[in-house]
Amino acid sequence: MNSIIIWLFFSYAYIRRQSILKLRNKLILSGLVGTLFFSACSTKKDAFINRNWHALNTKYNTLYNGNIAFEEGRATLNDTYKDDYWEILPIERLEVSGEVKLDSEDNNPNFIIAEEKATKAIQKHSMDIKNEERNPQTDEAFLLLGKARYFDERYIPALEAFNYILNKYSESDKLNEASIWREKVNIRLENEELAIKNLKRLMKFENLKDQEYADARAMLAQAYINLNVPDTAIQQLKVASHYTKKNPEKGRYYYIIGQLYNQLGYKDSANYAFDKVIELNRKSPRVYMINAEIQKIKNTKVTDENKEEMLEYLTDLEENRENRPFLDKIYRQIAEYHLAEGSDSLALVYFNRSLRATQNEPKLSALNYENLAEYNFDQNNYKHAGAYYDSVLTNLDENTKKYRTIKKKLDNLEDVIKYEDIVQYADSVINLYYLPKDEQIAYFEKHIEELKAAKEAAQKKERDKLTDGFAAFAKSKGGKENKGKFYFYNITSLGYGQNDFKNRWGNRELEDDWRWSNKSVTNVSTAEDAVAQGDLTETPISEEEKFSLDFYMDRLPKDVSVIDSLKTERNFANYQLGLIYKEKFKENMLAAEKLESVLASDPEERLVLPSKYNLYKIYEEENSPLMATMKADIIANHKDSRYAEILLNPQAVLADSSDSPEKRYQNLFEKFQEQKFLEVITGTEENINRFTGDPIVPKFEMLKANAIGRLQGFEPFKEALNYVALTYPNNPEGKKAEQMIAEQLPKLESTQFSPETGSQGTSNWKVVFPFKRSDNERALELMELLEKSIVDLKYKNIVSKDIYNLEEQFVVVHGFKSKDFALGYAELLKNNKDYKVADENFVILSDNYKIIQVHKNLQAYKNTLLTPKP
């Protein structure tokens, strides 16, 4: 027992001694490691351990994390960026805002992290000793810093980072890469000439790796593209595509080469480049290959020999499952093929398929809508054409020439739609009016039967669809498992209902008026509904009225004066259509048809001569034998007209512009400025009748409306403006009238006078001397005397003579700062021996004077403010 105790004692002592020795060794080792660690952390000592310590920390810690963030940011940009294949692609896939940024506001967080890591690497691990960088990883930190800033569009700070590498690290292996990135920045800053100079120097004097050489050549190409030198850009891209090892870059470069050749008109060379893209197949993104195939098809002329092969090629593209993301462009190309081959119905089907397949491609949608608009216009289906043109505008940038061209066409088309509606409505009603009653009844009974048959067919289709759907559901496993469940708890039944809704309505937002997918579609469907219903008015009709014979018979006019009015409206509408087709759409045949129908319909006298003259001009342009007949008709039957003068002696009439519409308008406008409003009104009416159909007529109408307002007051002015706005809605004058109705008339509508109590008021009062228009000589004498008094008494007021109405006028002294000043001036004129003005006058606030001029309510003003109160 004692021996055991002794053995345990010595064993414990030995173990304790060994533990003390290990602890001492650990402490010594830790001290050595700590000494080495703190020594290596120093950025001021140029020792092997220091350099490698900071290099390792830079590369495998801060820069590693920074590069990960940078690549994530770059991947995000690539995922969100969408190339515009309707324009020459940029060399680099990078969406830029076009702004020069100096800070990091609203930027990609990954690039901010990359910049922070690069900055941390520089601040903590840079070893700038005796003006020489001893950490071999610092140049890569600056390179990452510049690239992060570049992709954040902060080009000036990025340029600083790249320049720092080039100036500071003369032995760096990143110099060539930094040089290329610097020239990328210069190109973004529109310093293309400098970038070209620097890149050429780099390629001449430096030994570049293949990928660096490819990048340099590609950036040269971008600079030349920006400078609009496509042939040189092509040569640079050919070299870049040869040296790059990245297949996505090869595909992009070849595609851009094809685009540039197309721009130069070399379609064979372009197709050769597109073939190179196609040959890469899956080695580069499929979007390049599909667009290359489409461009190649566009460049290939369809002939009798190759049209079947072309259709087969397009069909293969359509049926290839891998091409589903690109069906929008493929469908459009198929539509263009059928359109060129004269298969209009197939072309329309594929244009609509392309529209349904299009996602966030406004330019493609605009092209499809434009094709549909043009087709409908050519078919004289103006409502549909107008709706499609409206959709074109929603997919175009407002600040483009294309937008302005389509907008002008749509504005003209709106007039066509309006007048064609008038003609169609009038013809329908007139034709029905002259039918015997039994034929009227038969016509409407047939129409009602067609409506009933269409309704029954639609109801049957819905019933069959619903029955088939639930029958299929009942046979399915889901139907058995969910039998007896409430509809909204029955997953399969609910799914069927959702699919049925989508098939019928498409994807709709939860909002009011959800049935209306967009304005343009609504317009088209509304037009179709109106035609289908055969409605004689624009007022919606009930379901009961739609199938009632009495409803239609009661809507027919009974009075011949209504028919005469419709004939007048139809003739004027046909005349306007003739001018629009002739002047704005250059459709001479359509124009001639409309104008000839005017002359054949016993029109008003004012439409006869302009219709004949415009027909003569159309016949002349088309070199028709009818030209001579029409010329003889005008000279024989309208020999005293201006048109006859033009035909007999065109040079003399053109030389004498004193009787031109423009000169007449100018003369009337001068009379308006002279306040000869009655002469303006009668003169404009004469010229409106004389120049019916001339583009200057809306200007005469607007001048007439203003003269009416100045002479007759607010309500006649409002009525005249409404006439201009409704009659000429697409002319500048009509739009101006509409704007005045919306903005100015509400400000003038009030007839409430401002109080004029005591001496208080505003800074503008007037002294008014009323005169009869017949006493104009006395009014002019008073004006002269008042002007003299203002000079003598050193006042700064102004005197005017204002027309009030047909019988009265005012001589007005403007510009008194208070009522007392105005009253004092009137009293001074009355009592001063040099003037002795005893004429009736009154002092009025400027705002109230405006009201009596606008509303012609002088008597109301006198009764309200001038009559002493008991």
Side-chain angles (χ1 to χ4, degrees), residues 83-89 251 254-255 258-279 281 285-379 381 384-385 388-389 391-392 395-396 402 406 524:
D83 278 312
D84 183 1
Y85 288 89
W86 306 102
E87 305 290 342
I88 303 295
L89 295 185
Y254 284 136
Y255 186 81
Q259 286 185 308
L260 294 172
Y261 272 129
N262 268 341
Q263 188 182 72
L264 293 170
Y266 304 141
K267 296 189 181 298
D268 290 339
S269 299
N271 283 353
Y272 181 78
F274 292 135
D275 280 334
K276 290 281 191 181
V277 180
I278 296 168
E279 286 172 10
N281 200 354
R286 192 170 188 81
V287 64
Y288 297 148
M289 185 181 78
I290 297 301
N291 279 281
E293 288 177 321
I294 290 173
Q295 289 297 325
K296 187 179 174 183
I297 292 168
K298 287 182 177 180
N299 290 342
T300 304
K301 185 178 180 181
V302 180
T303 63
D304 291 336
E305 291 76 20
N306 69 0
K307 64 180 182 181
E308 291 184 5
E309 181 184 354
M310 183 70 72
L311 181 58
E312 184 179 351
Y313 188 74
L314 285 166
T315 305
D316 288 342
L317 285 176
E318 178 188 4
E319 294 176 352
N320 190 329
R321 294 173 62 87
E322 292 183 84
N323 294 339
R324 286 183 178 179
F326 315 107
L327 281 175
D328 49 359
K329 293 182 179 179
I330 295 171
Y331 285 148
R332 173 168 177 78
Q333 198 56 46
I334 297 173
E336 288 183 330
Y337 170 85
H338 287 303
L339 194 64
E341 291 298 303
S343 303
D344 291 348
S345 57
L346 279 172
L348 294 180
V349 168
Y350 276 99
F351 280 130
N352 281 297
R353 284 186 182 180
S354 179
L355 281 171
R356 287 193 293 271
T358 300
Q359 294 183 353
N360 195 25
E361 282 275 2
K363 289 186 178 180
L364 179 59
S365 296
L367 289 170
N368 287 325
Y369 280 125
E370 187 175 6
N371 282 109
L372 292 168
E374 289 175 352
Y375 173 81
N376 280 279
F377 182 84
D378 291 340
Q379 299 298 314
N381 195 343
H384 282 67
Y388 285 126
Y389 276 127
S391 296
V392 174
N395 287 281
L396 291 178
K402 181 76 171 177
I406 297 296
V524 173

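Worth knowing before you read on, the calculation uses all heavy atoms, side chains too, and leaves out hydrogens, waters and symmetry mates.
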In terms of heavy-atom contacts, does CD of Q379 have more than 12 from other residues, nucleotides or ligands at under 6.0 Å? yes
In chain order, what residues pass the side chain to side chain donor-acceptor pair (under 3.5 Å) check against K402, with sequence neighbours excluded? E370
Scan residues 260-279 for pairs that pass salt bridge (Lys or Arg N to Asp or Glu O under 4.0 Å), counting only residues two or more places apart or in two chains. D275-K296
Scan residues 328-357 for pairs that pass ring-ring contact (aromatic ring centres under 6.0 Å, His included), counting only residues two or more places apart or in two chains. Y331-Y350, H338-Y350
Where V287 and N291 come nearest, the two heavy atoms and their spacing: O-ND2, 2.8 Å
For P362 and N395 the tightest heavy-atom approach is O-CB, 3.3 Å
Partner residues of D328 under the side-chain contact (heavy atoms from CB on, under 4.5 Å) criterion, sequence neighbours left out: S354, A357, T358, E361, L364
Can you list the residues that meet the salt bridge (Lys or Arg N to Asp or Glu O under 4.0 Å) rule with D83, with sequence neighbours excluded? R93, R252
Do you know the tightest heavy-atom contact between M310 and I297? SD-CG2, 3.6 Å
List in chain and number order the residues that pass side chain to side chain donor-acceptor pair (under 3.5 Å) with S345, two or more places apart in sequence or in another chain; answer none if no residue qualifies. none
What residues form a ring pair (Phe, Tyr, Trp, His ring centres under 6.0 Å) with Y85, not counting sequence neighbours? Y255
Listing request: all ring-ring contact (aromatic ring centres under 6.0 Å, His included) pairs with a residue in residues 287-330, at least two apart in sequence or in separate chains. none
In chain order, what residues pass the side-chain contact (heavy atoms from CB on, under 4.5 Å) check against R324, with sequence neighbours excluded? R321, L327
Note, V302 side chain near E341 side chain (heavy atom, < 4.5 Å): yes
Exercise: identify the closest heavy-atom pair between I278 and A292: CG1-CB, 4.2 Å
Could you tell me which non-hydrogen atom of A270 sits nearest to which non-hydrogen atom of G258, and how far apart they are? CB-O, 3.4 Å
When you compare the side chain of K363 with that of E87, does any pair of heavy atoms fall below 4.5 Å? yes
Non-hydrogen side-chain atoms of Y388 and N381 separated by less than 4.5 Å: no
Rounded to the nearest 0.5 Å, what separates atom OH in Y266 from atom CG in N299? 14.5 Å
State the CG-CZ distance between N368 and R353, to the nearest 0.5 angstrom. 13.0 Å
Shortest non-hydrogen contact from I334 to E318? CD1-OE1, 3.5 Å
Residues forming a side chain to side chain donor-acceptor pair (under 3.5 Å) with N323, sequence neighbours excluded: R286
So, using salt bridge (Lys or Arg N to Asp or Glu O under 4.0 Å) as the criterion, who are the partners of E319 when residues are at least two apart? none
I need the N376 CG to E374 CD distance, nearest 0.5 Å. 10.5 Å
For the residue pair L355 and S365, establish whether any side-chain heavy-atom pair is separated by less than 4.5 Å. yes
Could you tell me whether the side chain of Q259 and the main chain of L89 form a donor-acceptor pair under 3.5 Å? yes
Set of residues satisfying side chain to side chain donor-acceptor pair (under 3.5 Å) with respect to E305, sequence neighbours excluded: T303
Is there side-chain contact between N371 and R332, with at least one heavy-atom pair below 4.5 Å? yes
Check whether N320 reaches the backbone of D316 with its side chain - one donor and one acceptor, N or O, closer than 3.5 Å. no
Flag, side chain of N281 to backbone of M289, donor-acceptor distance under 3.5 Å: no
